[in-house]
Amino acid sequence: MQRLKKLSERRIRENVIVTPEVSRSLSELSREIGRQVGILIDRIGYVTHVVVGSDSSIDIPWLDRIRTSDARLRGLRLVHTHLKDEALNQEDLTDLALLRLDYITAIAVDEAGLPKAYYSACIKPEDEEGEPWTVLPRRNPGQLQEGILEEILDLEGRMARYRRNFKGSQKENRAFLVGVYPEHQRGRTPNQSIEELKELCRTAGVHVVDSFIQRKNRMDPATVLGKGKLEEIVLKAIQKQVELLVFDLELTPSQAKKISDYADLKVIDRTQLILDIFARNAKSRDGKLQVELAQLKYLKGRLTELDDNMSRLTGGIGGRGPGETKLEIGKRRVEERISRLEQELKSLKKRREIARRRRKKNEIPVCGIVGYTNAGKSTLLNRMTNSEVLSEDKLFATLDPTSRRLRFPEEKEIIISDTVGFIHDLPPELSNAFKATLEELADSDLLLHVVDISNPDYRLQMEAVECILDDLGLADLPMILVFNKVDNLPEEARVELMRESDDPDTVYVSAFQGTGMDLLLNRIEEKIYVAAESKLRRRDPLEFMDEDWVEEKLSDEPIVTS
């Protein structure tokens, strides 16, 4: 222990990897105890850590992230011993890349406990292809080079120049997408799922550098992918200056933590990405409350992995101590905030119910617009009602329900209501939060199911929307299928579709250009008013009389006696 302590007090010249004296001390000690011994040295030459491993490997302790950035190394170099005359192994090189060390050197120790050879490697600047490291030639004792500090600074300069060459949108939020799917997956293919995740990233302002797809029936319970595949992805992420891993599934709290700890990168899943988009795009108070509620419910299960056995609130044996821990306080505050949000949303729901009752009393028909996200629902609403609701070529560009009046000839009018877009595997937190908003569709006299026909996966998107409508109990409502964005189709396909559009429940339109809008409005009018008139003819006329008026008229009539 004393000799190890003395090692930690040594200072090495900053311009060499290691001095002969320190190298000999490490070798003698390593041979004596039969274990690998290593030291971490900063750029001033001070020893920051002394590490003792096994006879074949060494575990580097947790290092803080104060110095590291995308264009900087950690400012530490590792010098350790190998009890056999062997070069740097894969584990050594992986540590070099993952920890962004300045240098790594292995001292081969001979049988007498003396340095026999030196094997070194350094990070390769990201503007070069291949492995993210450069392995240097073997050197014998007495051949250690000087000028290492200037070499390290030159490497950092090249890394910084590489990042400066990125375009503005490519510098921030650089991400790898990771998808793990069953080998015999039904429905959407892995490529279709990854393409949708790319669109979500584009909407969230994330620059996708590359994507990885793995097909396996049994996921690794700790890292989802398995350690080997995760290591491969992380090494490429370091080389491409990626700072974010986005998984196309919902990670458990323990999985997210283990992957993040191993990769030293930010890790988010599909649910977090969608929540971020919703938080960014929610504008109304109702929408903001619903998104915050969904975020808190998602966060609640990720505050801690401790169970009730560790809670100090239970009292009794094992419960004595300083009181509530910070984690428990945070958890309790989240639960209190969730309760307040649910109460506010109940209050807003009552207001919506009052507004719905008023519409029913005025007998104004309601037409609801539903569809997959980015199908063109808001653009269609704007075209029909001459409105200026926000519409962009992004997923979930508009979240807040929007209602507008649409007037027909003969003083007829209806209310057109736009809703939040649907998506495959909508996170349960969001599905529950927006359920109250979607339940308003039950009062609709007609639904317009808007479909982006230019999307190659439009049939799968239709199935997803129909499934959600069925879950909400809305599948039996009258519906018109509106195939939008026909202007994005080739000319021949567009002409063929328009020629065959004889189904009264199907309309082909371009909300952007206005094509087919007259036909759509005629179909809406027929569906709502023709159905309403036939319904009225079948009802008893007395049903439409005001009850007080009927009672007054009956009291004014003379009483006839026989």
Side-chain angles (χ1 to χ4, degrees), residues 284 286-287 290 348-373 375-385 387 389 391 398-408 412-423 426 431 433-451 461-484 503-507 509 511 517 519-536 538-539:
S284 69
D286 200 348
Q290 288 169 334
L348 289 171
K349 183 179 179 181
K350 289 180 181 177
R351 295 180 191 176
R352 288 196 299 269
E353 288 174 352
I354 292 172
R356 289 208 304 271
R357 283 199 296 268
R358 287 175 180 168
R359 288 199 297 266
K360 281 185 178 179
K361 187 175 181 180
N362 295 330
E363 295 186 350
I364 301 176
V366 178
C367 178
I369 302 177
V370 298
Y372 209 78
T373 179
K377 298 183 299 300
S378 298
T379 307
L380 184 68
L381 177 68
N382 289 338
R383 178 65 67 176
M384 287 195 296
T385 62
S387 303
V389 176
S391 59
T398 52
L399 296 179
D400 303 314
T402 307
S403 297
R404 295 289 185 272
R405 285 179 182 258
L406 174 62
R407 293 186 180 276
F408 289 102
K412 297 176 181 177
E413 66 177 15
I414 65 172
I415 291 177
I416 304 285
S417 181
D418 185 17
T419 58
V420 63
F422 300 157
I423 195 170
L426 186 68
S431 180
F434 282 86
K435 195 169 184 179
T437 305
L438 296 174
E439 282 174 352
E440 291 192 21
L441 292 171
D443 295 324
S444 299
D445 298 275
L446 177 67
L447 292 181
L448 300 182
H449 179 180
V450 183
V451 180
Q461 294 180 353
M462 288 174 61
E463 291 176 6
V465 173
E466 290 165 0
C467 183
I468 294 173
L469 291 176
D470 190 51
D471 290 341
L472 293 171
L474 306 175
D476 295 331
L477 286 177
M479 185 182 301
I480 295 178
L481 201 56
V482 182
F483 287 104
N484 190 23
D503 184 355
D505 293 335
T506 303
V507 181
V509 304
M517 295 306 299
L519 177 60
L520 175 60
L521 292 173
N522 290 335
R523 295 281 171 84
I524 293 173
E525 186 177 10
E526 290 172 7
K527 274 279 186 180
I528 289 182
Y529 286 105
V530 172
E533 287 172 3
S534 63
K535 186 177 180 181
L536 290 174
R538 293 195 300 268
R539 291 174 62 181

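Note that the coordinates shown come from a computational prediction; the quantities given were computed from them, not determined experimentally.
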I need the His449 NE2 to Ile369 CD1 distance, nearest 0.5 Å.
12.0 Å

Just how far is it from atom CG of Asp418 to atom CG of Leu380, taken to the nearest 0.5 Å?
8.5 Å

Can you name the nearest heavy-atom pair linking Ala475 to Asp470, along with the distance?
CB-OD1, 3.8 Å

Heavy-atom pair of closest approach, residues Asp445 and Pro365:
OD2-CA, 3.2 Å

Asn522 CG to Met517 CE distance, which is reported to the nearest 0.5 Å:
11.0 Å

Between CD on residue Glu525 and CG on residue Leu406, distance to nearest 0.5 Å:
9.5 Å

Spatial distance of atom CZ (Arg383) from atom OG (Ser378) [nearest 0.5 Å]
14.0 Å

Shortest non-hydrogen contact between Gly368 and Ser444, atoms and distance
N-OG, 3.8 Å

Pair Lys527 + Asp505, salt bridge at N-O below 4.0 Å:
yes

Is Phe483 close to Val507 at the side-chain level, that is, under 4.5 Å between some pair of heavy atoms?
no

A side-chain contact here means heavy atoms from C-beta on lying under 4.5 Å apart; do Lys377 and Leu381 qualify?
no

Where is the tightest heavy-atom contact between Val465 and Gly371, given as atom of each residue plus distance?
CG2-C, 3.7 Å

I'd like to know if the side chain of Arg523 reaches the main chain of Thr506, judged simply by a donor and an acceptor atom lying under 3.5 Å from each other, with no hydrogens or angles considered.
yes

Taking side chain to side chain contact (heavy atoms under 4.5 Å, CB included) as the definition, give me every residue that meets it alongside Leu477, ordered by chain and number, with sequence neighbours left out.
Leu447, Leu474

Given side chains that start at C-beta, do those of Val509 and Met384 come closer than 4.5 Å, heavy atoms only?
no

Note: Cys367 and Leu448 closest approach over all heavy atoms is SG-CG, 3.5 Å

Nearest 0.5 Å, please: how far is CG in Leu446 from CD1 in Ile480?
4.5 Å

